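A, B, ... follow the sequence lines: proteins, then strands. Residue 1 opens every chain. Keep in mind that this is a model prediction, so the values were computed, not measured.
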Amino acid sequence: MIQDIIFSEVNGCYVEIEHGTELRSVRFIKTAEKLMESKTHKITFELDEYFNGKRYDFSCSYDVPGLSAFARKVLNETRKVKYGSTITYSELAKRIGTRAVQAVGSALAKNPIPIIIPCHRVVAKNGIGGYSAGIDFKIQLLEFEQKTLMGDNL
DNA sequence: GACGATAGCCCTT
DNA sequence: AAGGGCTATCGTC
């Protein structure tokens, strides 16, 4: 198991990417100290591009064991949400054919690979909803995506 | 209206 | 058996 580290200007924190041959997990690291960046895996470079506004989607092979069938459904559906757009928990639930809206939220809360699976693009019907790493992150990510898309259209 | 409490949803632990 | 990254609904003000 190897850990890559990159810095994200978007939310001003480090991002740790854990992988074997395939991507295993992504975590945000809030720390004051300066960390050494390390980029070995393809997905790390892609994430780096993402945080620089130069990539809108990811090559998708990842290896995340221990997820229930339900959680997989939720995450798969979430992957389809396009860069810069959002979907509500209830709409997502509808798409995978369940009324368990809150269970959808719980599944997203355990998303092992944020950004790649864009759980930040899933919002509450009235409001923003939650985010494991803090809703401020979520807001920053969404604003960032909006901003970069605008830049492209000009 | 707006806001808070409540009661359902159904998966997870 | 309890509790969630939710929501629709029903009291209050």
Name the first nucleotide and the last nucleotide along DNA chain C (5' to 3') that come under 4.0 Å of a heavy atom in chain A. C:dG4 to C:dA8
Given Watson-Crick or G-U pairs with both distances under 3.5 Å, what dot-bracket string fits DNA chain C, with | for other-strand pairs and [ ] for crossing? ||||.||||||||
Are the charged groups of A:K73 and A:E77 less than 4.0 angstrom apart, N to O? no
Minimum heavy-atom distance between A:P114 and A:Y131, given as atom pair plus value: CB-OH, 3.7 Å
Describe the nucleic acid contact of A:V104 in one word from base, sugar-phosphate, nothing, applying a heavy-atom distance below 4.0 Å. nothing
Is it true that A:E18 and A:R24 make a salt bridge, defined as a side-chain N closer than 4.0 Å to a carboxylate O? no
If hydrophobic clusters are built by linking Ile, Leu, Val, Met, Phe, Trp and Tyr wherever their side-chain heavy atoms come under 4.5 Å apart, do A:L35 and A:I6 end up in the same one? no
Just call it for A:A124: base, sugar-phosphate, or nothing, with non-hydrogen atoms closer than 4.0 Å on any strand. sugar-phosphate
Do the rings of A:Y14 and A:F7 sit parallel, tilted or perpendicular, given the 30° and 60° boundaries? perpendicular
Collect all protein-nucleotide pairs involving nucleotides 10-13 of chain B in which both atoms are nitrogen or oxygen and the distance is under 3.5 Å.
{"unit_1": "B:dT12", "atom_1": "OP1", "unit_2": "A:S68", "atom_2": "OG", "d": "2.0"}
{"unit_1": "B:dT12", "atom_1": "O3'", "unit_2": "A:K110", "atom_2": "NZ", "d": "3.2"}

May I ask you to test the A:I5-A:I29 pair for a side-chain heavy-atom distance under 4.5 Å? yes
Look only at the side chain of A:K138 and the backbone of A:V122, and say whether a donor-acceptor pair between them is shorter than 3.5 Å. yes
Heavy atoms only: give me the nearest A:H41-A:G20 pair and the separation to one decimal. CD2-O, 4.2 Å
Could you point out which residue of A:Y56, A:F144, A:F58 forms a ring pair (Phe, Tyr, Trp, His ring centres under 6.0 Å) with A:Y83? A:Y56
Where A:A124 and A:G129 come nearest, the two heavy atoms and their spacing: CB-N, 3.7 Å
